[in-house]
Number of protein chains: 2
Amino acid sequence: MSAKKPRLPRRSGCPISYSLEIFGDRWTLLVLRDLLLKGRRHFKDFLAAEEGIATNILTDRLQRLEAFGVIRRVRDPEDRRRRIYRPTDKGIALLPVLLELAAWGAHHDSGTAAPSGFVARFAEDREAVLEEFRRALSED
Amino acid sequence: MSAKKPRLPRRSGCPISYSLEIFGDRWTLLVLRDLLLKGRRHFKDFLAAEEGIATNILTDRLQRLEAFGVIRRVRDPEDRRRRIYRPTDKGIALLPVLLELAAWGAHHDSGTAAPSGFVARFAEDREAVLEEFRRALSED
DNA sequence: TTTTTTAACTTGCAATTTGCAAGTTATTCG
DNA sequence: CGAATAACTTGCAAATTGCAAGTTAAAAAA
């Protein structure tokens with residue numbers, strides 16, 4: 001596996017540019033949302049998300065995330081047809097990015113479906129919210 | 001101006017999905033980096049960034065950011081050929097997203113050109129770093 | 001045991017977006 | 001006034017996304 005890294009040659013040394021080389025598209029962070037915030041694990045789960053990602057795009061994104069060391073992919077011992085996708089530490093470190101995007105979106109989208117009170121809670125105790133998600137992810 | 005909003009129909013009410021409708025591409029957050037973190041203001045400045053955005057893409061992204069109320073665009077009174085692009089409050093509220101992306105990228109990119117000590121400083125006093133950038137942006 | 005169903009992709013092709021570079025128009029400079 | 005400049009616009013090729021049918025291995029049903 002993992003021959004999927006560079007889509008384009010490196011554009012600059014900027015850290016944001018580096019991050020966007022991995023996440024700068026309409027789907028990758030949505031996949032990570034399901035993985036990190038919703039605890040989804042299987043291909044089928046990501047496919048079932050409301051936004052309707054296509055199978056070829058999902059496969060591509062999962063492969064890239066694996067190649068960049070953000071997730072790992074193993075065969076499910078209970079059903080060998082299935083694959084389990086899990087975040088690495090590098091992946092878990094993306095929680096703040098996801099939550100800041102969520103907070104911004106929830107605050108500025110008049111039609112948001114964000115959980116009620118999420119923005120206030122995050123603003124009030126950011127670290128506690130982060131810790132909750134980290135704990136959920138470490139329960140394996 | 002500002003007829004540039006929806007590229008696609010809304011995919012879901014998820015706040016992250018909403019954010020990605022605006023930023024889910026390889027260029028938009030780079031433009032905002034220059035605007036919010038580097039204080040760039042003119043079309044020419046964004047064009048000159050190291051990553052080499054094309055003029056049609058830059059124009060498209062600026063128009064979308066304006067349509068979403070993230071930036072405003074005015075004619076420069078000192079040279080009417082020029083345009084000044086400035087962040088709105090909605091735009092400034094994206095600083096945490098940008099800085100989290102930068103911190104993640106700086107930490108995980110072995111070839112990073114991030115300013116030395118940035119990651120440590122941000123981890124140590126996130127609010128102070130945010131406040132610095134906000135102050136710089138309000139000096140107009 | 002065989003057949004059917006299911007999970008995770010893969011593939012072919014059309015539609016959309018990006019990238020490159022030349023072109024256009026209004027404004028400023030020499 | 002002509003040349004240069006700022007901010008786009010345009011035409012077209014390359015790359016990516018989206019849709020839906022197809023494939024293969026594993027599990028479930030007959």
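Residue numbers begin at 1 in each chain, while the letters A, B, ... track the order of the sequences.
Annotation: of the two residues near DNA chain D, Ala54(A) and Pro77(A), the 5′-most nearest-nucleotide partner is Ala54(A).
Contact annotation: Gln63(A) reaches the phosphate of dT10(C) (side-chain N/O to OP1 or OP2, under 4.0 Å). Here Trp27(A) reaches the OP1 or OP2 of dG18(D): one of its side-chain N or O atoms lies under 4.0 Å away. Regarding contacts with the backbone of dA26(C), every side-chain N or O of Arg82(B) stays at 4.0 angstrom or more from both OP1 and OP2.
Distance CG (Leu58(A)) to P (dT10(C)): 11 Å, rounded to an integer number of Å. The distance from atom CD1 of Ile53(A) to atom C1' of dC9(C) is 13 Å, rounded to the nearest whole Å. Rounded to whole angstrom, the span from the CZ atom of Phe43(B) across to the P atom of dA26(C) amounts to 17 Å. Atoms CG (Leu30(B)) and P (dG19(C)) sit 11 Å apart, rounded to a whole Å. In this structure, CG of Asn56(A) is placed 7 Å from C1' of dG18(D), rounded to the nearest angstrom. When rounded to the nearest whole Å, the span between CZ of Arg64(B) and P of dT17(C) equals 9 Å. Atoms CG (Asp45(A)) and P (dC9(C)) sit 13 Å apart, rounded to a whole Å. Between the CG atom of Asp60(A) and the P atom of dA8(C) there is a distance of 17 Å, rounded to whole Å.
Among pairs with a residue in residues 119-129 of chain B, those fulfilling side chain to side chain donor-acceptor pair (under 3.5 Å) read Glu100(A)-Arg126(B), Glu100(B)-Arg126(B), Arg121(B)-Glu132(B), Glu127(B)-Arg134(B), at least two apart in sequence or across chains.
Judged by distance alone, the side chains of Tyr85(B) and Arg41(B) never bring a donor and an acceptor atom under 3.5 Å apart. Under 3.5 Å, the side chains of Asn56(A) and Thr59(A) contain no donor-acceptor pair of N or O atoms.
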Show me the protein contacts with nucleotides 22-26 of chain D, counting only N or O atoms at under 3.5 Å.
none

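The six-membered or imidazole ring of Phe23(B) lies near that of Trp104(A), with a centre-to-centre distance under 6.0 Å. Phe46(A) has its ring centre no less than 6.0 Å from the ring centre of Trp27(A).
One finds a salt bridge joining Asp25(A) and Arg61(A) here, because a Lys/Arg side-chain nitrogen approaches an Asp/Glu carboxylate oxygen to under 4.0 Å.
Listed candidates were dT18(C), dT11(C), dA7(D). Nearest to the side chain of His42(B) is dA7(D). Closest contact between the side chain of Arg73(B) and the listed nucleotides dC8(D), dT5(D), dG18(D) involves dC8(D). Considering only side-chain atoms of Ile57(A), the nucleotide from dA7(D), dC9(C), dG18(D) that sits closest is dG18(D). Relative to the side chain of Arg26(B), the nucleotides dA21(C), dG19(C), dG18(D) differ in distance, and dG19(C) lies closest.
Judged by atom type and distance alone, Thr59(A) does not reach the base of dT10(C) through any side-chain donor-acceptor pair under 3.5 Å.
Among Leu99(B), Leu101(B), Ile16(B), Leu98(B), the one residue that satisfies the side-chain contact (heavy atoms from CB on, under 4.5 Å) test with Val97(A) is Leu101(B).
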